[in-house]
Amino acid sequence: MRYVISGAAGFIGSHICDRLISSGHQVLAFDNLITGHRENIAHLLKNSRFEFREQDVCEAFEIAGSVDRVFHLASLASPVDYLEHPIETLESGSTATRNMLEIALRHNARFLLTSTSECYGDPLEHPQRETYWGNVNPVGLRSCYDESKRYAEALTMAYHRVHGVKTNIARIFNTYGPRMALNDGRVVPAFIDQALRGVNLTVFGDGSQTRSFCYVSDMVEGLLRLSECDEIYPVNLGNPTELTILGFAELIRKRFDDAVGIDFLPLPSDDPKVRRPDITKARTILGWEPRVPLDEGLTQTIDSFKTRVAPVTTLAWTAAESSPDRVR
Ligand code: UDP
């Protein structure tokens with residue numbers, strides 16, 4: 001099949017491209033590289049079934065030839081990135097979603113929207129089921145992301161209802177793995193990067209807020225299964241194993257022999273207090289659930305990050321190992 005993928009040089013996008021190319025499909029990949037990285041797909045560029053266009057899908061575009069699947073992943077998905085680029089974030093949920101839906105419509109292709117657990121905002125229902133409508137601050141700092149994704153879901157449903165486009169909506173919960181940007185502020189790369197550099201982990205608030213982390217290969221499998229089924233309503237994809245951010249910090253500290261301590265910093269505004277997916281629906285209709293335990297996924301992730309942390313920071317890590325006063 002021929003897949004058109006926006007956000008292809010991003011974290012999850014590039015892993016999807018790998019999987020599709022290794023399964024023998026063709027991929028036409030788009031990314032404007034605002035947060036994606038060419039290195040994530042560099043190894044695919046020589047493959048004749050892989051074509052990359054550095055292009056912003058907010059600009060309308062045409063595609064020659066047939067298309068079977070359209071995946072819209074382009075988005076500024078980390079709080080640091082969307083706070084820095086709120087307008088681009090709103091555009092990627094609105095204009096870009098519409099452009100990708102138009103491609104699906106014109107080519108009679110299936111469309112997959114990668115939405116987010118942020119649609120639930122700071123949830124009052126826990127764990128979150130797809131039927132929960134959310135608790136979102138429409139004018140808060142995170143609203144550029146939350147509301148644009150909620151709009152993207154509404155637009156996707158409208159294209160399905162008005163034009164009959166075959167659509168799927170995945171609500172992606174926190175996902176981690178190799179190729180995450182080290183500096184995008186998300187908690188998994190932030191803590192690993194800090195631990196590798198031998199500086200204290202930065203826990204926001206008292207660390208009692210919860211998240212659950214899904215390894216990227218599990219997420220890719222869930223997305224591909226969803227894109228082959230007829231479910232039009234949102235489906236949660238994520239790992240239901242929940243832990244507090246402080247608990248996660250302790251877990252990372254242990255992986256580094258407690259060589260770093262913890263600094264407590266203010267909690268960002270509207271930071272959700274709890275988050276955990278109810279994945280009953282994905283289990284039932286996709287026969288999917290995460291397989292990679294956190295320990296195993298973290299080993300892969302830490303190993304991949306080790307090759308990316310600058311040598312000078314490796315020295316800092318070495319120094320921290322023999323510096324007892326850094327331990328909390
Ligand atoms: N967080 C933290 N320290 C960091 C980065 C994040 O304590 O250096 C917290 C953040 O406040 C949130 C959780 O970790 O409660 C997950 O944050 P992330 O940015 O990874 O994604 P989110 O789930 O908020 O979209």
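Keep in mind it's a predicted model, so treat the numbers as computed, not measured. Start at 1 and go down the list; that is how both ligands and their atoms are numbered.
Aromatic ring orientation, Phe213 versus Tyr176: perpendicular (interplanar angle above 60°, classes split at 30° and 60°). Using the six-membered ring where Trp is involved, Phe71 and Tyr3 have ring planes that are perpendicular, over 60° apart on the 30 and 60° scheme.
A side-chain donor from one of Thr299 and Arg255 sits under 3.5 Å from a side-chain acceptor of the other. A donor-acceptor pair shorter than 3.5 Å cannot be found between the side chains of Arg291 and Tyr215.
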Would you mind listing each N/O atom of ligand 1 next to any protein N/O under 3.5 Å, plus the distance?
unit_1   : atom_1 : unit_2 : atom_2 : d
ligand 1 : 3 (N)  : Thr202 : O      : 2.6
ligand 1 : 7 (O)  : Phe204 : N      : 2.8
ligand 1 : 8 (O)  : Thr202 : O      : 3.2
ligand 1 : 8 (O)  : Thr202 : OG1    : 2.9
ligand 1 : 11 (O) : Asp271 : OD2    : 2.6
ligand 1 : 15 (O) : Gln209 : NE2    : 3.0
ligand 1 : 15 (O) : Arg211 : NH2    : 3.3
ligand 1 : 15 (O) : Asp271 : OD1    : 2.6
ligand 1 : 15 (O) : Asp271 : OD2    : 3.3
ligand 1 : 20 (O) : Val187 : N      : 2.8
ligand 1 : 23 (O) : Asn174 : ND2    : 2.9
ligand 1 : 23 (O) : Arg211 : NE     : 2.6
ligand 1 : 23 (O) : Arg275 : NH1    : 2.7
ligand 1 : 24 (O) : Arg142 : NH2    : 2.9
ligand 1 : 24 (O) : Arg211 : NH2    : 3.2
ligand 1 : 25 (O) : Arg142 : NH2    : 3.3

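Under the rule for a ring pair (Phe, Tyr, Trp, His ring centres under 6.0 Å), Phe111 has no partner lying at least two apart in sequence or in another chain.
Salt bridge absent: Asp230 and Lys166 never bring a charged side-chain N and a carboxylate O closer than 4.0 Å.
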